[in-house]
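Working notes for the structure below.
Side-chain atoms are counted along with the backbone in the values below, which use heavy atoms only and exclude waters and symmetry mates.
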Amino acid sequence: MALPPLYKYLDVRGAKLTLGNQCFRFAKPSEFQDGTDMTAEGLFPEELKKALATIPDSFVGAIMANLYAPPTCPAYLRPGVVKMQAVLRAHPEVAPAVKEGLRKDPEKAGLGLERWKERAGAFVKETNDLLQNYRVLCVTTDKASDRMWRDYRDIRQGTQCP
């Protein structure tokens, strides 16, 4: 089975450099002009405050859905998860009270906004630092994509080889 042809969207300058050098330059994520391309910021679907507000329901819901499953969380969290599973197996009616307890004192529950802003910022920085050791080449099988031509027509992604 033959592979489909692949197309690379380039501006005029980029096309000239690519053809002249007969090679593509693989870009660092930090050079991307689209803020969601290959950055950790693109991993977070919603504002942190909103995400933290969903955790009490999500956490208790996940435990309730897996009362008999061995925990797959990090080892340091397993004893707490196992204990929570045992409590909710014996007394499933307390699930709403557990959710409310998590909501009532987010700091005590480890859900404080400032703490998580700091952790999220550190994660974003660490991920972006890691990604700088990798390179990306974007191609498509659709040579007529209106969105790609519109979004990338003005991007100057230097295409000369190092």
*Check: T141 and P5 side chains under 4.5 Å, non-hydrogen atoms*: no

*Does one hydrophobic cluster hold both V82 and M64, with members joined at side-chain heavy-atom distances below 4.5 Å?*
no

*asked:* Assess whether a salt bridge exists between R115 and E118, defined as any Lys/Arg side-chain N lying under 4.0 Å from an Asp/Glu carboxylate O.
replied: no

*Looking at side-chain heavy atoms only, is the closest gap between P56 and E100 below 4.5 Å?*
no

*Within the distance-only criterion (no hydrogens, no angle test), does the side chain of W116 pair as donor or acceptor with the backbone N or O of A51 below 3.5 angstrom?*
no

*asked:* Are R103 and L111 packed together at the side-chain level, in the sense that at least one heavy-atom pair is separated by less than 4.5 angstrom?
replied: no

*Derivation of the side chain to side chain contact (heavy atoms under 4.5 Å, CB included) call for M84 and V60*: CA-CA 9 Å; M84 182 67 70; V60 175; 6.0 Å; no

*May I ask you to test the L67-L88 pair for a side-chain heavy-atom distance under 4.5 Å?*
yes

_Applying a strict under-4.5 Å side-chain criterion to I, L, V, M, F, W and Y, I'd like to know whether L77 and Y68 cluster together._
no

*asked:* Would I55 and L102 count as a side chain to side chain contact (heavy atoms under 4.5 Å, CB included) here? Give the steps.
replied: CA-CA 9 Å; I55 290 178; L102 292 171; 5.9 Å; no

*asked:* Rounded at 0.5 Å granularity, tell me how far CG in L130 sits from NZ in K125.
replied: 11.5 Å

_Please report the interatomic distance NZ(K49) to NZ(K117), rounded to the nearest 0.5 Å._
8.5 Å

*Between R78 (side chain) and C73 (backbone), is there a donor-acceptor pair under 3.5 Å?*
yes

*Any donor-acceptor pair under 3.5 Å from D105 side chain to K108 backbone*: yes

*Please confirm whether the backbone N or O of N66 pairs with a side-chain atom of Q85, one donor and one acceptor, at under 3.5 Å?*
yes

